[in-house]
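Counting starts at 1 for both ligands and their atoms, in listed order. Note that the structure is a prediction, hence the values are computed from the model and not measured.
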Amino acid sequence: MLESETSRTPWVNPPHELALADNAVDVWLISLTQREAVDGSFADLLSSAERERAARFKFDKHRRPYVVAHAGLRLILSQYLKTEPADLQFFTGVNGKPSLAPEFAGSGLQFNLSHSHEMALLGVTRRHEIGVDIEWIKEDYGFDEVAEQFFTKKEVSQLRALPVDLRRQAFFKCWTSKEAFLKAKGTGLSGNLDEVEIALAENQRVRIDARVPGWTLMELNPGGTYEATVVVEGGSLPVNCYRWEPTR
Ligand SMILES: CC(C)(COP(=O)(O)OP(=O)(O)OC[C@H]1O[C@@H](n2cnc3c(N)ncnc32)[C@H](O)[C@@H]1OP(=O)(O)O)[C@@H](O)C(=O)NCCC(=O)NCCS
């Protein structure tokens, strides 16, 4: 069975009451250029450890996206948990994967966060491990060398077999897929087991497929110059794609 599919769901505003079923995935696109971060209101939601981490960024252009992403994470998760954003507590697993602290385990809520340039992506499920990755497609990025270093031989040859003008986008699709596997498992890549197929679909679009037992990969369409992928434990699940508006 092909354990991969592309989400064609449009990015919509979320419902006022969030009700995430056990067999669904919510993904949230978060713009990191929110004004609220500037006046400090987002920083008030963070824990002291998060505030310390934010303070360690030398430049405001790096600190601000961190604050917005983590405030967004808290504001969104608190809606599912019906609690105050500042009251959420997190736990870091042995391999560095963050999850909700044990006192919130009853909800079964799992999440994973990714950020790149001016966007963040948050994936949320119940009782399924999840990994997400979003990448800004940088025009001057030397993707050929990076592919040589991190992709399998088969992936590199499939990438090179594509028309030249599609290779950059294909690289980022492949990269976000492998990163999402890595982040879902929280344990790192498992060599060729996490190999993906890079193919040209009939509509001349690049398609990424994966047959990694026990996991399903779904390509997302974040728009603009971004690529994004979500990987969930188990079989294919319906994906709700939400745009995050802090005022809602
Ligand atoms: C976290 C990691 C797994 C991904 O980092 P990244 O792509 O630079 O960053 P992203 O924005 O996608 O993800 C960062 C977020 O993931 C979460 N995260 C951190 N460690 C994680 C882990 N081990 N597993 C899952 N999620 C993790 C955190 O929420 C983090 O956000 P924060 O730093 O603001 O707290 C990174 O540590 C890493 O090791 N990357 C490996 C790169 C690589 O070799 N890739 C090969 C691809 S072919």
So the atoms of ligand 1 within less than 4.0 Å of a heavy atom of Asp133 turn out to be 7 (O), 12 (O)
Note: heavy atom closest to atom 19 (C) of ligand 1, options Gly96, Ala228, Ala120, belongs to Gly96
Hey, is ligand 1 close enough to Arg53 that some N/O pair sits below 3.5 Å? yes
So for Ile134 against ligand 1, with non-hydrogen atoms under 4.0 Å, the contacting part is neither
- Are Asn95 and Thr187 linked by a side-chain donor-acceptor pair shorter than 3.5 Å? no
among protein heavy atoms, the one nearest atom 24 (N) of ligand 1 is Lys97 CB, 3.5 Å
request  = Would you verify that at least one protein heavy atom lies under 4.0 Å from atom 28 (C) of ligand 1, or report that none does?
outcome  = yes
Exercise for review: Classify the angle between the aromatic ring planes of Phe171 and Tyr141 as parallel (below 30°), tilted (30 to 60°) or perpendicular (above 60°).
Suggested key: tilted
Note: heavy atom closest to atom 13 (O) of ligand 1, options Lys183, Lys185, His115, belongs to Lys183
Under-4.0 Å heavy-atom contact between protein and atom 35 (O) of ligand 1
yes
Would Val132 count as a polar contact of ligand 1, with the cut-off being nitrogen or oxygen pairs under 3.5 Å? no
Practice item. May I ask whether atom 10 (P) of ligand 1 is less than 4.0 Å from at least one protein heavy atom? Key: yes
Counting heavy atoms under 4.0 Å, the part of Pro98 that contacts ligand 1 is side chain
request  = Using distance alone, decide if ligand 1 has a nitrogen or oxygen within less than 3.5 Å of any nitrogen or oxygen in Leu113.
outcome  = yes
_Does any part of the side chain of Glu233, heavy atoms only, come nearer than 4.5 Å to the side chain of Ile130, both counted from C-beta?_
no
Does Leu81 reach the side chain of Phe104, with side-chain heavy atoms less than 4.5 Å apart?
yes
| Any side-chain heavy atom of Glu118 sitting closer than 4.5 Å to one from Pro65? | no
In ligand 1, the atoms that come under 4.0 Å of a heavy atom of Asn112 are 25 (C), 26 (N)
Determine, for Glu195 against Arg211, whether the closest basic-nitrogen to carboxylate-oxygen distance falls under 4.0 angstrom. no
For Lys178, the atoms of ligand 1 under 4.0 Å from one of its heavy atoms are 48 (S)
- With the threshold set at 4.0 Å, does a side-chain nitrogen-carboxylate oxygen contact exist between Glu148 and Arg160? yes
Query raised in the report: Would the number of heavy atoms belonging to other residues, nucleotides or ligands and lying under 6.0 Å from NZ of Lys58 be above 12?
Result: no
- Message: Salt bridge check, Glu197 against Lys154: does any charged N sit closer than 4.0 Å to a carboxylate O?
- Response: yes
- Sidechain N-carboxylate O distance under 4.0 Å for Arg74, Glu50: yes
Atoms of ligand 1 under 4.0 Å from any heavy atom of His70, numbered from 1 in the order shown, are 32 (P), 34 (O), 35 (O)
Of Gln149, Glu50, Glu179, the one whose closest heavy atom lies nearest atom 43 (C) of ligand 1 is Glu179
Spell out, as yes or no, whether a donor-acceptor pair under 3.5 Å connects the side chain of Lys185 to the backbone of Glu129.
no
Ranked by distance from atom 44 (O) of ligand 1, the top protein heavy atom is Phe150 CE2, 3.5 Å
